[in-house]
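Small disclaimer: the values here were computed from a predicted structure and weren't measured.
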Amino acid sequence: MEGETAAKAAASSSSSPSRYESQKRRDWNTFLQYLRNHKPPLNLSRCSGAHVLEFLKYLDQFGKTKVHATACPFFGQPNPPSQCTCPLKQAWGSLDALIGRLRAAFEEIGGGLPESNPFAAKAVRIYLKEVRQTQAKARGIPYDKKKRKRPHTATATPIAGDGDDAGGSGGAALVVTAATTV
């Protein structure tokens with residue numbers, strides 16, 4: 001029964017790619033088209049992080065996220081009361097997901113060593129971080145790293161006079177208290 005289910009899943013996945021795989025293929029083809037239309041045309045083997053940044057900036061013209069300029073009266077307001085002339089750009093989350101898919105596609109085609117992957121370049125990571133911070137400020141949402149919730153833990157604390165410092169029998173009594181850190 002279990003093997004039959006796995007076989008059916010494998011058969012269905014081979015007949016039609018997942019949504020992620022389809023999107024990855026579409027993104028990869030878009031990037032290759034961008035390289036072909038680049039002046040002068042670029043070969044994938046000569047592509048660098050700088051070319052990836054050019055591609056991301058090119059994509060901004062198709063964005064749907066309003067990013068207020070610092071001079072805009074609505075800068076820093078999460079829900080502006082009216083329209084302004086600030087540009088529409090690609091949302092940070094969309095760019096981040098796109099880079100992840102392109103990085104995976106590059107590795108799948110055997111683009112070389114992971115260090116040579118232009119989508120994993122330090123400049124690309126820095127650019128994405130700056131976009132995230134800029135968009136958060138423009139919308140009035142301070143970007144702070146979310147603190148990870150720690151799992152419920154138990155801590156042991158010795159009871160005063162448990163005999164450890166008084167040369168007792170060594171059978172120390174412990175009090176276990178639950179501590180929750182948020």
Response to the item:
The side-chain contact (heavy atoms from CB on, under 4.5 Å) partners of Arg25 (sequence neighbours excluded) come to Pro17, Asn29
Practice prompt. Would you please name every residue forming a side-chain contact (heavy atoms from CB on, under 4.5 Å) with Pro41, sequence neighbours left out?
Written response: none
Do you know the tightest heavy-atom contact between [X] and [Y]?
X      : Y      : result
Leu35  : Cys47  : CD2-SG, 4.3 Å
Arg125 : Ala120 : NH1-O, 2.8 Å
Asp60  : Gln90  : OD1-N, 3.1 Å

Discussion item. Quick one, Leu42 with Tyr34, criterion side chain to side chain contact (heavy atoms under 4.5 Å, CB included). Give me CA distance, side-chain angles, the key distance, then yes/no.
Written reply: CA-CA 9 Å; Leu42 283 169; Tyr34 173 79; 5.8 Å; no
Discussion item. Checking Leu59 against Leu98 for the side chain to side chain contact (heavy atoms under 4.5 Å, CB included) test, could you report, in this order, the C-alpha distance in whole Å, the side-chain angles of both residues, the deciding distance, and whether it holds?
Written reply: CA-CA 11 Å; Leu59 290 177; Leu98 170 70; 3.4 Å; yes
Worksheet item: So do Thr30 and Phe55 actually touch side chain to side chain, heavy atoms under 4.5 Å?
Response: yes
Enumerate, atom names and distances included, each donor-acceptor pair closer than 3.5 Å involving a side-chain atom of residues 64-76, sequence neighbours excluded.
{"unit_1": "Lys66", "atom_1": "NZ", "unit_2": "Cys84", "atom_2": "O", "d": "3.0"}
{"unit_1": "Lys66", "atom_1": "NZ", "unit_2": "Cys86", "atom_2": "O", "d": "3.0"}

Worksheet item: How many angstroms lie between CZ in Arg132 and CG in Asp96, if you round to the nearest 0.5 Å?
Response: 8.0 Å
Item to complete: First locate atom CZ of Phe31, then atom CG of Leu44, and finally report the distance between them rounded to the nearest 0.5 Å.
Response: 6.5 Å
Worksheet item: Which class fits the ring pair Phe106 and Phe119: parallel under 30°, tilted 30 to 60°, perpendicular over 60°?
Response: perpendicular
Worksheet item: When the ring planes of Tyr58 and Phe62 are compared, do they come out parallel, tilted or perpendicular, using 30° and 60° as the limits?
Response: perpendicular
Discussion item. Can you tell me if Lys89 has over 12 outside heavy atoms packed within less than 6.0 Å of its NZ?
Written reply: no
Fill in: Gln83, CD: over 12 other non-hydrogen atoms inside 6.0 angstrom
no
Discussion item. Applying side-chain hydrogen bond (donor to acceptor under 3.5 Å, both in side chains) as the test, list every pair that has at least one member in residues 43-53; sequence neighbours left out.
Written reply: Ser48-His51
Discussion item. Going by the rule ring pair (Phe, Tyr, Trp, His ring centres under 6.0 Å), which residues pair with Tyr20 if we only count those two or more places apart in sequence or in a different chain?
Written reply: none
Fill in: Common cluster, Ile126/Ile99, ILVMFWY with side-chain heavy-atom separation under 4.5 Å
no
Practice prompt. Please identify each residue that fulfils salt bridge (Lys or Arg N to Asp or Glu O under 4.0 Å) with Arg101, with sequence neighbours left out.
Written response: Asp27
Worksheet item: So, Glu54 and Lys57, do they make that salt bridge, N to O below 4.0 Å?
Response: no
Fill in: Polar side-chain atom of Gln61 near backbone of Leu88 as donor-acceptor pair, under 3.5 Å
no
